[in-house]
Amino acid sequence: MTAIRPIPRSPSSHSPISQVPSHPVTQPIEIFLLSILLFLPFGISGQTASLDSLRLQLAQHENKDRARVDLLNQIALEVRHIDGLESHDIYTTSLALAQEMSYPYGEARALLGLGFNHRFRSNLEKAHRFTSQAKEVFSSLQDTTNMIACYYNLAAMAAMQSRLVEAFNYNMECLQLAEDSDDKKWVVLSNTSLANVYVELYENEKATEYYQRAFDLATRENDIDGLEHCLPGMSILALRRGDYLEAIRLSTQGYQLAVKGRNINLQGRYLYRMATSRMELSQFDSCYALIQEIAKLPDQIGLDRNEIRVAFLLTKLYDRKGDLRRTIQHGESLLSMSEDSRFVNEIHPILAKAYARTGQYQEAFLSNEKYIANQDSLKNLESSQEVARIEFNAAMDQKQREISLLSENEKLVRERSLQQNRMLWMSMAGLILLSTALFFLWKGGQRRKRNNAILKDTLAHLKAAQTQLVHAEKMASLGELTAGIAHEIQNPLNFVNNFSDVSNEMIDEAMEELEKGDQEEARDILFDLKGNLAKIHHHGDRASSIVKGMLTHSRSGAGEKKLTDINALCDEYMRLSYHGMRAKNKSFNADLRLNLGENLPKINVDPQGIGRVMLNILNNAFYACAERSRSACAERSRSATHQKRSLASDSNFQPRVELSTTIVPAGFVPTGASVGGAESGGSEIQITITDNGSGMSPEIQEKLFQPFFTTKPTGEGTGLGMSISYDIVTKGHGGTISVVSSKGEGSTFVIRLPIG
């Protein structure tokens with residue numbers, strides 16, 4: 001394999017990308033790039049002539065008239081992907097000329113072009129203002145096609161700001177107008193935009209459905225622009241589900257279209273995805289060649305995005321290669337160019353490791369500190385995205401309820417109308433029947449009014465009740481969490497406060513003894529004071545461990561998943577836990593039994609998360625065995641004291657921990673087990689951990705997976721280990737975790753993880 005060298009920036013043309021195989025993983029920051037990739041700027045009126053031809057026409061047309069405005073708008077549209085800044089300047093010139101000569105259509109096209117341009121450069125305030133102004137003009141002109149473009153751009157801005165309900169509504173307006181006018185190009189783009197909203201919501205199946213609709217229609221219509229809009233999101237979904245072969249295939253196809261369309265920004269994104277896939281496949285030469293192609297691309301909008309991509313990829317690549325000097329060089333270069341929290345979050349741990357290995361411990365410490373600080377900004381971003389998802393789902397539920405109410409109302413109206421028609425036909429038999437029919441019609445109208453009023457009142461009450469229930473649930477959850485935190489942290493804080501007060505008094509006593517000249521007594525007091533400080537430090541660490549446990553709990557299940565050998569993972573953590581117990585208690589010995597199933601397939605899991613689960617359970621198993629062993633020692637001591645000839649059963653106790661793996665049908669639950677998680681179809685890998693320790697009562701088993709619940713003495717546990725384990729297995733991996741235990745006889749934990 002050839003050596004990897006730093007890549008110089010070059011504006012030269014790009015060489016062809018070879019078709020090479022790929023494989024599955026995850027994408028690091030491409031999901032974030034989707035917020036900018038969503039709804040790329042699209043031609044408002046389509047391409048009518050080549051760029052060179054349009055420039056020649058403009059040079060020959062010197063009159064300040066409507067034709068010149070139209071030419072400027074068309075040139076700005078053609079140049080949008082080649083040079084975004086030039087496109088902005090041409091649109092600005094066109095807007096000024098159209099306003100000067102009172103040309104509404106030309107003014108609106110320039111405004112819409114500026115709206116797309118500013119949105120593409122993330123200037124959302126200006127983008128929204130220009131697009132809204134354009135929409136008003138096109139509405140007055142009854143220009144449906146450009147009205148669709150306005151809704152399309154407004155939807156894109158709403159999605160970039162995680163206002164997904166607003167984005168969904170704009171996209172539905174866009175799709176409705178496109179279908180009504182039979183504009184297949186905009187039908188493709190509207191379906192793609194809706195798919196992008198579902199990508200943001202992590203509704204991958206729904207997103208795939210809309211992408212497939214758009215892709216099929218674009219293929220039938222030979223719509224190259226439509227295909228260009230489908231492929232970015234489809235490749236991101238492939239990366240998200242870890243299908244690198246598909247991701248490279250889609251990215252290569254999209255790259256070829258982007259080269260033909262001279263879309264530099266899209267070329268950089270596709271090359272970035274292909275390079276990321278190659279890196280994960282350890283195809284470093286191919287990855288490096290792709291990074292070189294990214295470095296050759298010019299920066300067309302002044303944001304240095306390709307330079308940032310190059311620095312980010314090189315940092316990760318040199319880290320994989322073990323080249324510490326270049327890892328640090330490109331990592332520091334990236335941090336100087338970008339403050340994006342998602343780039344920074346991934347680079348700081350790499351830099352910290354490289355600094356530490358080169359002996360730059362202070363820089364390693366600072367990088368690690370910045371990584372920890374950056375978690376807050378990521379957490380805020382994830383929280384805002386979660387809020388957007390909740391709002392979107394609530395809005396969809398509300399719409400569904402409104403549709404149901406409208407359907408019931410329409411059904412009622414149809415039934416009333418049918419009844420009225422029958423009565424009218426009967427009234428033709430005579431004046432009496434006619435009068436009767438008119439009477440019923442009048443009564444029916446009154447009833448409809450009353451029913452409509454009742455329906456409106458009921459809907460208002462339902463909305464108010466829903467708001468109150470959501471608020472009450474949030475407050476109840478917050479109160480429960482606050483009570484748990486206060487209860488757990490209060491104990492170590494009380495110790496810290498008490499020892500601090502005593503230590504303060506001891507300092508005064510030591511000073512008095514020193515003034516008296518009694519150095520011996522002062523030394524004794526200072527020795528006791530040192531012990532107090534050690535206890536303060538111990539209980540401070542206890543409070544810190546609780547806080548760290550809470551942070552770990554909040555981040556559980558967020559690790560990267562990859563194909564993992566469960567047997568190897570079990571063997572590693574069994575020995576790690578046992579040696580950890582032995583390090584704390586050298587007199588402790590246990591019989592370790594590993595019964596690992598043969599031919600177990602590798603499954604896609606977060607190895608660190610599942611390892612943490614097994615470590616929590618194994619640590620508890622060894623702890624329970626140690627507790628029962630201490631009880632057995634005490635029993636032997638008492639038996640010796642009373643000179644008894646026979647001992648109780650625990651007096652001959654030998655600690656034993658057994659771990660086994662096997663494949664079981666989904667849905668199988670051990671008899672008497674307390675289960676957490678949902679059942680799934682197919683087969684599952686079952687991990688069983690059994691100990692002969694002190695065991696648990698049924699009451700303890702019911703509370704085992706609750707946060708802050710612990711059976712250990714004060715100071716020995718945070719009460720978060722099993723709760724974190726529950727979340728990792730059930731929420732992070734869609735599996736189940738169960739426990740069977742008897743007091744004084746031991747416990748059995750069963751973890752089941754779906755295959756595939």
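Because only heavy atoms are used, hydrogens play no part in the values below, and waters and symmetry mates are left out as well, while side chains stay in.
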Could you walk me through whether Asn204 and Arg241 pass the side chain to side chain donor-acceptor pair (under 3.5 Å) check? CA-CA 9 Å; Asn204 296 339; Arg241 64 177 178 264; over 6 Å; no
Working note: Lys562 + Glu280, criterion side-chain contact (heavy atoms from CB on, under 4.5 Å); need CA distance, chi angles, decisive distance, verdict. CA-CA 11 Å; Lys562 58 185 179 182; Glu280 294 297 336; over 6 Å; no
Can Glu658 and Asn595 be said to form a side chain to side chain donor-acceptor pair (under 3.5 Å), step by step? CA-CA 8 Å; Glu658 180 178 352; Asn595 298 317; 2.6 Å; yes
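The NZ atom of Lys206 sits 5.0 Å away from the OH atom of Tyr210 when rounded to the nearest 0.5 Å. Atom CD1 in Ile685 sits 4.0 Å away from atom CD1 in Ile603 (nearest 0.5 Å). Between Ile663 atom CD1 and Ile566 atom CD1 the span is 11.0 Å, to the nearest 0.5 Å. To the nearest 0.5 Å, the span separating CE on Met614 from OG on Ser577 amounts to 10.5 Å. Going from atom CG of Asn589 over to atom CZ of Arg582 covers 4.5 Å, rounded to the nearest 0.5 Å. Residue Ile687 holds its CD1 atom at 10.0 Å from CG of Leu596, rounded to the nearest 0.5 Å.
Nearest heavy-atom pair, Tyr623 versus Met581, reported as atom, atom and distance to 0.1 Å: CA-CE, 4.2 Å. Minimum heavy-atom separation, Ile737 to Met722: CD1-CE, 4.5 Å. Considering all non-hydrogen atoms of both residues, Pro655 and Cys625 come closest at CB-CB, 3.8 Å. The minimum heavy-atom distance linking Asn692 with Gln654 is given by the pair ND2-O, 2.9 Å. Taking both residues in full, the closest heavy atoms of Val199 and Ala207 are given as CG2-CB, 3.6 Å, listed atom of the first, atom of the second, then distance. When all heavy atoms of Arg752 and Pro665 are compared, the closest pair comes out as NH2-O, 4.5 Å.
In this structure, Leu618 and Phe749 have side chains that are not in contact, with every pair of non-hydrogen atoms separated by 4.5 Å or more. When side chains are defined from C-beta on, Arg593 does not count as touching Thr690, because their heavy atoms never get closer than 4.5 Å. Side-chain atoms of Val729 and Thr736, non-hydrogen and from C-beta on, never get closer than 4.5 Å to each other. Contact annotation: the side chain of Asp243 never approaches that of Arg249 to less than 4.5 Å [non-hydrogen atoms, C-beta and beyond]. Using a 4.5 Å heavy-atom threshold, the side chains of Thr564 and Ile610 count as separate.
Of the possible donor and acceptor atoms, one in the side chain of Asn619 sits under 3.5 Å from a partner among the backbone N and O of Leu615. Between the side chain of Lys561 and the backbone N or O of Gly732, at least one donor-acceptor pair lies under 3.5 Å. At least one donor-acceptor pair closer than 3.5 Å links the side chain of Asn567 to the backbone N or O of Gly597. A distance-only check finds no donor-acceptor pair linking the side chain of Arg273 to the backbone of Ala247 [under 3.5 Å]. A side-chain donor-acceptor contact under 3.5 Å links Arg628 to the backbone of Gly744.
Aromatic ring orientation, Tyr198 versus Phe168: perpendicular (interplanar angle above 60°, classes split at 30° and 60°).
With Ile728 as reference, Val613 is the one residue of Val605, Val613, Ile751, Asn616 to meet the side-chain contact (heavy atoms from CB on, under 4.5 Å) rule.
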